[in-house]
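Letters A, B, ... mirror the listed sequences (proteins, then strands); counts begin at 1. The figures here come from the full heavy-atom set of this structure, side chains too, leaving out hydrogens, waters and symmetry mates.
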Amino acid sequence: MSDDPLGYDDLLRIENLNVEFRTTEGVFRAVRDVSISIRSGETLGIVGESGSGKSVTALSIMNLIPNPPGEVTGEIFFNGLDLLKLPVKEVQKVRGNEISMIFQEPMTSLNPIHTCGKQIMEPLLLHKGYTKKAAKARALELLKMVGIPLPEQRFKEYPHQLSGGMRQRIMIAMALACRPKLLLADEPTTALDVTIQAQILELMKDLRKEIDSAIIMITHDLGIISEMCDRVVVMYAGQVVESSPLKDLLREPLHPYTEGLLKSIPTITREKQRLHTIEGTVPSPFDMPPGCSFQPRCQYSTAICSEKIPDLIHLPDERAVRCWRQAKDLSKQGQ
Amino acid sequence: MKMLLRIMKNNFLFSIGIIVCTLWIVIAIIAPLITPYSYLGQDLANRFQAPSSAHWFGTDSIGRDVFSRVLIGSRISLIAGLATITLASFIGMIYGGIAGYVGGLTDEIMMRVSEMVMAFPGIILAMTIAAALGPSLYNTLLAMVIIWWPNYARVMRSMVIANKENEYVEAAKSLGASHFRIFFHEIMPNSIGPVLVLATLDFGNAILLFSGLSFLGLGSPPPTPEWGAMVADGVLNFNYWWIGAFPGLAILTMAVGTNFIGDSLRDFLDPRLRKEL
Amino acid sequence: MDDNVLVQVQNLKMYFQTEGSYSFTKKYIKAVDDVSFELFKGETFGLVGESGCGKSTLGRTMLGLYKPNAGRVIFEGEDIFALKNKSMKEMRKKMQLIFQDPSASLNPRKTIADILNEPFHIHKVGTKLERKAKINDLLDKVGLSAYHLSRYPHEMSGGQKQRVGIARALALNPKLIICDEPVSALDVSIQAQVINLLEDLQKEYDLTYLFISHNLSVVHHICDRVGVMYLGKLVETGNHEDIYRNTLHPYAKALISAIPHTDPDNSIERILLKGDVPSPANPPTGCRFHTRCLQATDLCAQVEPPLKEVFAGHFAACHQV
Amino acid sequence: MGLLKYTARRLLFLVFLVIGVSLVVFFISHSVPSDPVLANLSQRNIDNQEMVEAFKSKWGLDKPLHTQYFIYVGNLVKGDMGNSIRTQRPVMEDLKKYFPATLELAIFSIIIAIFFGMLFGIISAIKRNSATDQVIRGISVLGVSVPSFWLGLMVLLVFYVKLGIAPGPGRISPYMMPPVAVTNFYVIDALLAGNWSLAWDALQHLFLPGLVLGSFTMGLITRTTRSSLLEVMSMDFIRTARAKGLTEKMIIMQHALGNALIPVVTVIGIGFGNLLGGMVLVETIFAWPGIGQYAYKAAGNLDFPAIIGVSILISINYVVINLIVDILYGILDPRVRYK
Amino acid sequence: VDTKQPASDGSKQLIMALDPDYETFDPGLAYEVYGLLVLHPVYDTLMQFEENLDAPKYGVAESHEVSKDGLSYTFKLRKGIVFAGGDALTAQDVKWSVERSINLKGNGAFLTDGITSIETPDANTVVFKLKEQDASFLTKLTYNAFGVIDSKLAMANGATNAADAATSDKAKLWFDTHSAGSGPYVIESYTPKVEVVLARNKTYWGKAPYYDKVILKSIPDPGTQLMMLQKGDIDIAFNLGPEHVKQLQDKPGIQIKKAQSMTLTFLLMNRDPKIGGPIANPDVQKAIRLVLDYQGIQTIAGEGSVTPVAPFQVGFLGTLPPRDPKTAQNIEKAKELMKKAGYEKGFKTTLEVATLAVEGMNLPTLAQKIQNDLLQIGIETEIKTSDIMVALDPYRKGQQALSLWYWGPDYPDPNTQLAFLPGNSVGLRANWTAEMNPKLAELGKKASVETDKATRIKYLQEIQAMMDEDSAFDVLLQHARHYATRDNIVGTDYIDLYKINLKDVSAK
Ligand SMILES: Nc1ncnc2c1ncn2[C@@H]1O[C@H](COP(=O)(O)OP(=O)(O)OP(=O)(O)O)[C@@H](O)[C@H]1O
Ligand SMILES: Nc1ncnc2c1ncn2[C@@H]1O[C@H](COP(=O)(O)OP(=O)(O)OP(=O)(O)O)[C@@H](O)[C@H]1O
Ligand SMILES: [Mg+2]
Ligand SMILES: [Mg+2]
């Protein structure tokens with residue numbers, strides 16, 4: 001792993017991930033040529049608009065894209081193994097054990113007819129060979145860890161008896177049960193209220209220190225990214241359009257979409273003024289523009305933008321961007 | 001139409017259903033033109049003939065051609081099924097719609113009443129009605145409609161209750177729309193889908209129940225070629241299996257046809273199962 | 001009464017019954033419990049609070065969509081609950097609603113043309129031609145084109161649907177629009193477009209907005225005055241500056257501190273509240289917030305604090321201020 | 001809502017139902033053009049005014065309608081449903097005799113239907129869109145489409161007459177003696193009496209009618225199990241289970257099936273109700289001495305005490321089944337339990 | 001193939017499948033067609049039939065005397081008869097039993113109508129006093145209404161012969177599952193809709209029956225009976241239609257039995273123009289009699305059925321030979337009659353029919369045949385089916401224009417058939433009043449009280465000849481009774497009253 005081309009000590013490396021869905025309307029590519037990598041202990045944020053392929057990317061890592069209709073190609077290396085080529089049995093050993101995932105909808109992601117305790121114990125019994133008793137002890141410990149009051153009682157309760165915030169804590173406890181090396185958090189707070197969201201974010205921050213696993217944090221809220229993450233990947237229409245360390249991205253966004261996004265978010269720190277907007281809408285996956293997918297909405301668009309899809313250009317400081325403007329800048333600098 | 005073809009291409013059972021049903025409908029329409037004999041023509045010299053090239057399905061106890069009777073019988077079955085389902089779903093839709101829309105105590109009472117009808121053993125009701133008013137197509141249909149409408153009322157009610165919470169209903173309300181308009185323009189059109197699906201699904205059941213009732217002698221009087229009554233005739237003449245077997249097969253195929261369609265249609269309309277088609 | 005006041009909400013109570021009408025034990029959800037405030041002409045009043053605290057219910061009751069258990073809503077001097085059917089229908093023209101979920105608020109079986117025609121049809125306004133002209137005008141205002149008219153809602157994007165919703169609300173030239181989380185369901189990049197549109201329309205038509213949201217950044221951006229709700233009660237109101245810079249109520253403070261923000265240098269000390277929002281069916285005694293409040297005292301658990309004017313135009317309901 | 005309260009409400013409804021059902025039959029009974037006197041007295045006796053009067057006063061037919069009804073309800077409260085005009089026995093006695101036969105058959109066939117229905121449904125859902133799936137769906141549709149009276153005839157013809165591998169109509173072979181009545185379920189009674197051959201005989205006799213009767217319900221259960229399982233398999237918590245690394249088998253057995261069963265229970269309830277309704281036809285074919293034949297004869301004879309009796313019985317049954325379904329719901333679904 | 005297994009204890013048992021109509025075995029109440037099948041071998045009567053219905057023989061009576069005026073019958077009882085329960089049978093038991101039947105007012109009670117009193121001068125003598133002469137009194141005595149009950153046992157179980165027995169008697173349920181008779185069998189068990197089991201009465205005074213047990217299985221469906229017989233599950237299949245029997249021909253191990261049933265199927269044609277319309281015209285009625293294809297009708301009813309000229313069954317005293325089906329039809333003459341009646345072009349009417357089978361023949365099937373035949377003289381009919389119980393009402397009230405009915409004699413004597421005469425009960429159902437044919441009515445009255453056999457025959461034959469010319473009824477069929485047994489069973493000859501005399505059945 002040390003012979004990584006980018007020099008990262010990668011825990012997970014996604015290369016040229018493509019996901020296609022065959023639907024009644026036709027085939028569309030939900031994820032296009034996505035390459036992402038993450039180091040141990042790092043927190044990586046993925047932002048992007050709804051439908052930009054964030055969840056699909058995460059699900060691909062877990063090998064959870066339903067087939068049919070989904071079709072995943074590319075490589076996903078984890079601990080040197082290509083998860084996409086692994087037999088199902090092996091993948092099942094990794095899932096919930098070394099990689100685990102927290103889902104967006106805490107309301108529906110728990111089985112309504114099993115107690116919370118049972119659901120937390122399940123991965124322990126399955127992967128770690130715990131006895132029932134040991135699993136219960138560990139589950140209670142986890143419940144305490146994610147800040148659930150009266151864990152003994154909650155252990156026996158069913159998901160519907162808990163509030164959304166509680167359920168998300170259960171999800172987190174479940175995900176952390178086997179001390180995974182990688183935690184995928186797919187919009188873990190989107191469905192929650194502001195004050196509860198704050199609680200969960202704080203909890204995750206605290207846990208990050210304790211468990212020292214790498215986290216991929218998926219969200220469309222740049223605010224959350226800026227609080228949580230070390231590095232950010234911005235997705236647009238199934239592609240990675242920018243990948244930068246957090247501070248660089250916020251100070252100096254390279255991609256016009258990132259720039260527009262940052263400017264269009266109202267904040268309470270900024271003065272009240274007219275909001276910047278990105279005109280137009282995300283293109284339909286069946287009707288992708290031929291060139292850069294952001295080109296129809298882009299204020300800097302030039303002729304080439306509507307002709308050829310730009311490559312992801314790697315820049316210094318571990319930054320990368322998919323934009324003709326940067327490519328030109330780069331070539332100018334080169335001259 | 002295009003959608004129909006697309007579904008047919010992907011769904012074997014659905015295609016069979018469509019083909020079988022179309023066939024029966026065509027038969028029902030042109031039956032008098034294609035029956036080799038009159039469905040009433042008696043020929044006592046040739047009673048109880050086994051199936052042969054002259055009588056494809058054999059002849060019955062008074063020498064009538066079973067094949068011709070089965071073909072003509074399709075008309076009655078189709079009409080009975082259609083009439084029952086149409087009337088029952090219409091009544092059920094109005095009833096359930098009102099109960100769901102008005103809600104509260106009205107809803108409670110209306111639903112208890114419909115539940116009572118449902119609890120009431122349908123076939124006994126039909127038999128009693130037939131015994132009391134005399135068996136005839138109308139009385140049998142009446143009984144079937146009485147048995148059937150609460151199903152639709154229930155579905156309609158739940159749909160209306162779900163739909164009346166929709167924001168577009170609230171939008172219409174805030175525009176000042178009347179109850180009438182809200183009910184008929186906003187809620188109804190969005191609620192009848194499942195009712196219609198249920199109706200398609202039920203079509204086969206209605207044909208089955210109808211044939212069951214006519215089997216018990218509660219349908220129209222002879223010599224009407226009702227399939228159920230023909231099977232009953234077959235039971236009386238047990239060893240001449242063809243008298244009962246063919247009308248029974250006719251009922252079966254018609255019910256299977258509509259059920260294949262209904263089944264696939266429901267899967268198709270259920271968004272969660274839709275993708276498989 | 002102040003000429004500038006458009007709507008006055010007085011001691012409004014809206015309870016929902018939770019058990020069957022024939023049950024012996026009646027239980028209520030006190031969705032809105034004794035709320036009073038006023039809306040001034042041409043202003044945007046933001047209503048914030050956590051899910052289930054009664055924001056939508058308050059908005060809908062103000063429109064007369066629910067019949068309240070107590071209290072009055074006075075719109076331009078008229079108590080809307082005292083109106084007869086006919087005059088209520090007239091009144092409806094003056095108040096409109098925009099919803100959170102643009103898909104759910106448009107009837108999926110109607111074309112956009114049908115949807116936009118509906119207000120005119122209901123109120124029998126204008127001839128066919130006039131209606132058509134008016135609709136085209138509306139489409140233009142909200143940034144849609146005539147070719148959208150023949151489409152069905154599911155054939156449009158979220159932002160476009162929300163624009164249709166806005167056009168419908170504008171059709172009858174209302175004075176008040178209640179925006180119930182109009183941008184929460186939209187993508188960030190579209191959100192900004194819609195917010196700008198709402199601001200433009202307000203200027204053009206001299207509209208008054210009641211803007212419901214749980215996104216405090218958006219409220220901060222668009223609102224002149226803000227009310228903070230907690231469990232059916234208004235706990236703090238004041239103008240924009242007061243609420244964000246000089247927060248009084250501990251709940252409001254926590255809310256504001258909880259907003260994640262993109263400015264990496266500016267990290268506000270976050271106030272983390274204990275536990276969850278209690279159920280509105282069974283609210284705590286005394287100050288409803290005392291179970292989660294970091295500064296709660298015995299008094300808070302027993303006596304309900306009234307909403308008092310702490311500074312001019314800045315009200316708060318807390319024993320500690 | 002607590003279970004107790006719910007049950008209480010259901011039982012209250014039962015009272016309402018019994019009153020309603022008896023009222024309806026009473027109403028019909030007196031709007032019909034024919035007269036139980038004529039239907040039940042011999043030709044000679046009808047010409048004899050004295051006999052007619054005696055008959056009328058014996059059955060209370062000479063009193064005004066509402067009086068008759070109140071007398072009826074009064075007796076009903078005491079557990080007396082009056083006497084059947086036709087059999088001249090107390091309706092209660094008749095029901096006690098006939099209902100167990102029906103119930104035994106119904107229970108047997110619902111067990112068959114549940115077993116095969118769920119099995120097929122699960123297989124079909126797991127192998128969805130495969131050939132197996134298509135075949136099972138075909139069978140299930142056949143099950144709900146086949147007229148039971150016809151199927152009964154055909155299976156008897158084939159399995160009993162032609163192949164001789166199944167026993168004939170009736171509850172037991174003609175040369176066997178019914179067991180001492182304890183439960184009136186022959187299989188159970190025979191076992192209680194330690195008569196193994198009789199129990200086996202009775203069980204064999206259940207098979208064909210049970211299959212015929214259950215075919216509809218089986219089809220319904222297969223269909224529901226399949227679609228419900230498919231639906232559950234597309235839910236978020238199944239994805240969670242997958243993400244935990246559970247195998248597909250574990251997911252189906254431990255996570256999906258429990259949830260998928262919930263709608264199936266409803267269908268089983270409906271199916272059981274249908275079974276009792278469909279009894280008339282099957283009992284006729286299989287000479288099964290049950291409530292269906294009793295009702296059929298009663299309706300034909302305008303034997304209103306008996307008709308009301310059967311109607312009330314079946315209605316009560318419907319309510320009880322619904323109650324059981326609801327209780328099962330509570331057991332299967334904790335969300336209902338605590339509401 | 002004989003798959004039938006012997007009873008587990010090796011005792012001999014007979015299994016008979018039938019579609020019975022009995023609901024009770026209380027001899028005072030039972031009056032169903034199949035009642036005597038069960039009650040005859042259980043309850044002895046003073047008189048009984050053997051082999052045929054010519055003349056009743058002695059049962060528990062050993063001799064009798066009739067007074068000169070014909071109003072008093074004195075019976076001497078056989079000595080030494082004991083009930084199955086152990087009590088001795090006395091004249092008191094006879095009196096008690098008959099009085100109970102009278103007072104219970106059951107459906108068969110009309111048979112006791114003429115009795116004014118019953119006396120028991122001593123333990124072995126019973127005297128019946130009658131209101132008026134009754135040529136059929138001895139025949140009536142063969143019915144179960146006169147079955148002798150063990151009065152002690154019965155009273156111990158709630159029975160009473162009191163005047164208010166109709167309401168105060170509580171023994172009906174007991175009688176359903178027990179018996180208190182002195183016949184060759186006792187009722188061992190009765191499961192309604194399933195079976196009746198008769199067991200040998202070990203103390204029977206007469207010749208002991210062959211079988212230890214007789215099991216009567218309720219199998220309503222003839223097809224099912226057929227299957228069970230073919231499979232060897234039963235010994236007798238009693239309710240077969242003509243078609244079923246045909247299917248059994250040449251089947252090994254089975255013997256087919258055929259007999260003349262006393263059941264008639266006839267067409268009622270109303271005489272009241274307000275009800276019947278054109279049907280009420282006597283010429284039309286005669287035309288209908290002429291246009292029907294009796295041969296075809298007999299084909300449907302099956303071999304062995306005949307068509308009497310008038311409602312008097314072949315087998316009764318004085319019945320004329322039946323029609324020759326080959327020559328009975330005369331369409332030309334029928335058309336002429338229609339013309340004469342002014343209905344040359346025909347007319348429309350309804351043909352009412354009850355949905356049931358008579359002796360294995362489905363009435364609606366027959367109705368369709370009639371419908372077909374009537375078309376030949378332009379009478380278009382619409383068939384209206386209804387359940388028997390519904391159809392009975394308008395029938396008995398005389399409100400049907402044209403209807404298809406069946407008739408079984410109330411007791412085995414031609415007098416019971418006089419009901420069809422104008423002015424009598426069945427005649428009036430066609431609104432055929434005495435005034436319409438006073439001669440015929442008068443003749444009927446004479447025949448009913450005549451006790452001299454020769455004169456009776458003369459009167460009866462005259463009546464039949466007149467009814468062939470003018471009648472509101474057209475007798476279509478006197479049915480044949482078809483049934484079948486395993487071929488080793490003997491003694492199963494048909495006697496209309498008892499169907500089969502169970503005590504005579506045995507196996508080879
Ligand atoms: N099972 C599936 N079948 C078909 N299309 C799918 C499926 N799953 C996802 N998609 C499509 O793939 C595209 C990417 O979806 P994805 O869920 O990754 O978006 P996202 O970035 O997570 O959006 P959000 O913020 O709304 O969660 C969308 O257009 C979605 O409709
Ligand atoms: N029609 C209704 N019947 C019963 N309860 C209701 C009804 N509408 C709302 N409620 C209840 O009233 C309370 C307030 O609901 P409301 O929708 O006003 O909250 P909200 O502040 O708008 O929440 P959100 O941010 O989730 O939209 C909630 O507990 C809700 O469950
Ligand atoms: Mg997502
Ligand atoms: Mg809301």
Exercise: identify the closest heavy-atom pair between V188(C) and S264(A): O-OG, 4.1 Å
Side chain to side chain contact (heavy atoms under 4.5 Å, CB included) between R270(C) and L201(A), intermediate numbers included: CA-CA 11 Å; R270(C) 180 164 284 168; L201(A) 286 180; 4.2 Å; yes
Interchain contact, L273(C) with chain A, by part (heavy-atom threshold 4.5 Å): both
Side chain to side chain, Q191(C) and L275(A), heavy atoms closer than 4.5 Å: no
NE2 on H214(C) to CG on D193(A), rounded to 0.5 Å: 6.5 Å
Check: S163(A) main-chain N/O paired with D276(C) side-chain donor or acceptor under 3.5 Å: no
Heavy-atom pairs under 4.5 Å with chain C, option from E202(A), H220(A), R274(A) with the top count: R274(A)
Chain C contacts, top residue of E279(A), M166(A), M228(A) (heavy-atom pairs, under 4.5 Å): E279(A)
Test side chain to side chain contact (heavy atoms under 4.5 Å, CB included) applied to E49(A) and S189(C), step by step: CA-CA 8 Å; E49(A) 244 153 288; S189(C) 65; 2.5 Å; yes
Inter-residue atom distance E50(C).CD - L192(A).CG, 0.5 Å rounding: 10.0 Å
Backbone N/O of T277(A) and side chain of N196(C): donor-acceptor pair under 3.5 Å: no
Option in D200(C), L255(C), I259(C) with maximal non-hydrogen atom pairs under 4.5 Å from chain A: D200(C)
Chain A contacts, top residue of G49(C), S279(C), C223(C) (heavy-atom pairs, under 4.5 Å): C223(C)
Closest non-hydrogen atom pair, P260(C) against E227(A): CA-OE2, 3.2 Å
Part of S51(C) within contact of chain A (heavy atom distance under 4.5 Å): both
Minimum-distance pair of heavy atoms, taken over all atoms of H276(A) and A192(C): O-CB, 3.5 Å
Selection from G280(A), P149(A), G147(A) maximising heavy-atom pairs under 4.5 Å formed with chain C: G280(A)
Exam field: side chain D187(C) to backbone S50(A), donor-acceptor pair closer than 3.5 Å: yes
Minimum heavy-atom distance between G275(C) and Q199(A), given as atom pair plus value: O-NE2, 3.1 Å
Per-residue contact mode, L186(C) against chain A (heavy atom under 4.5 angstrom): neither
K144(A) atom NZ, over 12 foreign heavy atoms within 6.0 Å: no
Which portion of Q193(C) sits near chain A, non-hydrogen atoms under 4.5 angstrom: both
Selection from D221(A), V282(A), I196(A), I225(A) maximising heavy-atom pairs under 4.5 Å formed with chain C: I196(A)
